[in-house]
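Notes follow once the structure below has been shown.
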Amino acid sequence: MTPAARISAAIEVLADIEARRRPATDALKDWGLSHRFAGSKDRAAIASLVYDALRRKSSAAWIMGEATPRAVVLGMLKLQRNMTPDAIAALFSGERFAPAPLLADERERLEKADLSGAPAHVAGDFPDWIEPSLQHLFGEDLVPEMQALTTRAPLDLRVNTLKVSSREEAHDALPHLGAVETPLSPLGLRIAPSEDGRGPAVQSEPEFLKGWIEIQDEGSQLVALLSGVKPGEQVVDLCAGGGGKTLALAAMMENHGQIYATDNDARRLAPIHDRLARAGVRNVQVRTPRAKADAVTDLDGKIDCVLVDAPCTGVGTWRRNPDAKWRLRPGSLETRRKEQDAVLDRAARLVKPGGRIVYITCSILPEENDDALSAFMERHDGFRPMPVGKALEAAQLGHLKGLVRPTVHGLQLTPHKTGTDGFYAAILVRNP
């Protein structure tokens, strides 16, 4: 397919997403099934165009004066890919499989594209109804913070110290991936996003199959390190899911002590068994719930550290899931908040006196972060937040002090400040 034909296909997919109100992955899959002539490179390039358009949907529509799929793609090519009007016109030629030629008004808008007068939710490309929450958190940094969430995310890897002696050893074994050491996590390697949207097949690499590396955003690595778990401790990963943070905790504990990995949704735990085996983890016991029964009742009051990687809206991952921002509704936030209350209440019963709850979300909304913990501490006496500086020093992450955004109870990582996904973390210590 020609570049112009790929543009036409992206416009078609965006129209399908808009008409049927469904996730981009579903629309892209259906397009590929109905256009089997398109090769893997074509499908990757089309997906990249679609996701870039969704990243800049609001600002692109603003500069073009309308929100049609064609207008959004035009605006995206200008704002996200920095293409000149002449270069865009060459793609919109009207020739075979190419989009129709630029209209005079479209050309003029591309030449005069300017977001200086745009409202914050337009310039930052996010739903307007969450602006008050984000303004409370970010203040004058609101627009640059949210614009950072419109960029493409890199592919980050965590070096598994149960299998390899150092980050340098893993790095030297993967020169063909072009990975560099992450600036903040002592365990991370980073592969920059590619222009065509096709990342390397890391999961086919011998080093991945041997358990040397795991795919994990640097922010996720940092909040796992912040937990400060140590060899010999008793730990519960209460929302373990596929096991990403469970694996990180096991490496920190050097396979000594015990981690109990569980999740309310047994289906989410399915991948964890193979991942544990590949990583060489021996101190994790997977507790699968049966018929909604609590799988860790016998551990109440015995746990040193309860990790709550809480269900959330995922606002902090919009670099990776840009279509999710436009499907976010107030009702979904309310649902997540109820789930957060329930899992925090469960954590409170597990942690022993002097133990701690490590609360994590991949969100930047205060309602899911500080507000959730304030409500928890109103319901439960005897818990206090650990000061951010103390938590960072204890985890040997003091170099983050000038980068993270301190909040009332914890800290916020963001693409703008730390180059990571938008993770929130706080440590609540139970009185002895």
Rounded to the nearest 0.5 Å, what separates atom [atom1] in [X] from atom [atom2] in [Y]?
{"X": "L189", "Y": "H171", "atom1": "CG", "atom2": "NE2", "result": "6.5 Å"}
{"X": "Y424", "Y": "L413", "atom1": "OH", "atom2": "CG", "result": "11.5 Å"}
{"X": "L269", "Y": "D265", "atom1": "CG", "atom2": "CG", "result": "8.0 Å"}
{"X": "M252", "Y": "K245", "atom1": "CE", "atom2": "NZ", "result": "12.5 Å"}

Answer yes or no: is there an ion pair linking [X] with [Y], defined by an N-O contact shorter than 4.0 Å?
{"X": "E218", "Y": "R158", "answer": "no"}
{"X": "D125", "Y": "R55", "answer": "no"}
{"X": "R190", "Y": "E181", "answer": "no"}
{"X": "D304", "Y": "K230", "answer": "no"}
{"X": "K417", "Y": "E145", "answer": "no"}
{"X": "R336", "Y": "E367", "answer": "no"}
{"X": "R22", "Y": "D26", "answer": "no"}
{"X": "R356", "Y": "E233", "answer": "yes"}
{"X": "D371", "Y": "R337", "answer": "no"}

Residues at least two apart in sequence or cross-chain that pass ring-ring contact (aromatic ring centres under 6.0 Å, His included) with F383, listed by chain then number, are F376
I'd like to check the side chain to side chain contact (heavy atoms under 4.5 Å, CB included) partners of D128; sequence neighbours left out, ordered by chain and number. H121
E66: what forms a side chain to side chain contact (heavy atoms under 4.5 Å, CB included) with it, not counting sequence neighbours? T68, A71
Stepwise, does the salt bridge (charged side-chain N to carboxylate O under 4.0 Å, His left out) test hold for E207 with K163? CA-CA 10 Å; E207 289 74 17; K163 285 289 189 82; over 6 Å; no
Between R152 and S48, does any side-chain donor sit less than 3.5 Å from a side-chain acceptor? yes
Donor-acceptor side-chain pairing of H380 and D345 below 3.5 angstrom: yes
Give the C-alpha distance, both sets of side-chain angles, the deciding distance and a yes or no for side-chain hydrogen bond (donor to acceptor under 3.5 Å, both in side chains) between H136 and E131. CA-CA 8 Å; H136 177 72; E131 183 173 343; over 6 Å; no
Check whether any side-chain heavy atom of [X] sits under 4.5 Å from a side-chain heavy atom of [Y], and report yes or no.
{"X": "R405", "Y": "L411", "result": "no"}
{"X": "V286", "Y": "H273", "result": "yes"}
{"X": "P101", "Y": "F92", "result": "no"}

Do D341 and R379 pass the salt bridge (charged side-chain N to carboxylate O under 4.0 Å, His left out) test, and can you show the C-alpha distance, the side-chain angles, and the key distance before you say yes or no? CA-CA 10 Å; D341 287 346; R379 297 192 304 273; 3.6 Å; yes
State whether the side chain of [X] and the backbone N or O of [Y] hold a donor-acceptor pair below 3.5 Å, judged by distance alone.
{"X": "E368", "Y": "L365", "value": "no"}
{"X": "Q147", "Y": "A123", "value": "yes"}
{"X": "Q216", "Y": "A248", "value": "no"}
{"X": "E12", "Y": "W31", "value": "no"}
{"X": "T317", "Y": "G314", "value": "yes"}
{"X": "D309", "Y": "C239", "value": "no"}
{"X": "S220", "Y": "D217", "value": "no"}
{"X": "W326", "Y": "L54", "value": "yes"}
{"X": "R56", "Y": "A61", "value": "no"}
{"X": "D421", "Y": "F423", "value": "no"}

What residue among L222, L225, I213 forms side-chain contact (heavy atoms from CB on, under 4.5 Å) with L187? L225
Can I get a per-line list of side-chain donor-acceptor pairs under 3.5 Å for residues 391-401, giving both atom names and the distance, sequence neighbours left out?
residue	atom	partner	partner atom	Å
E393	OE2	K401	NZ	3.0
H399	NE2	L184	O	2.8

Show me the pairs that pass salt bridge (Lys or Arg N to Asp or Glu O under 4.0 Å) and involve residues 78-97, at least two apart or across chains. D52-R81, D86-R107
Mind checking what makes salt bridge (Lys or Arg N to Asp or Glu O under 4.0 Å) contact with D263, not counting sequence neighbours? R268
With a cut-off of under 6.0 Å to the ring centre and 45° to the axis, is R278 in cation-pi contact with F208? yes
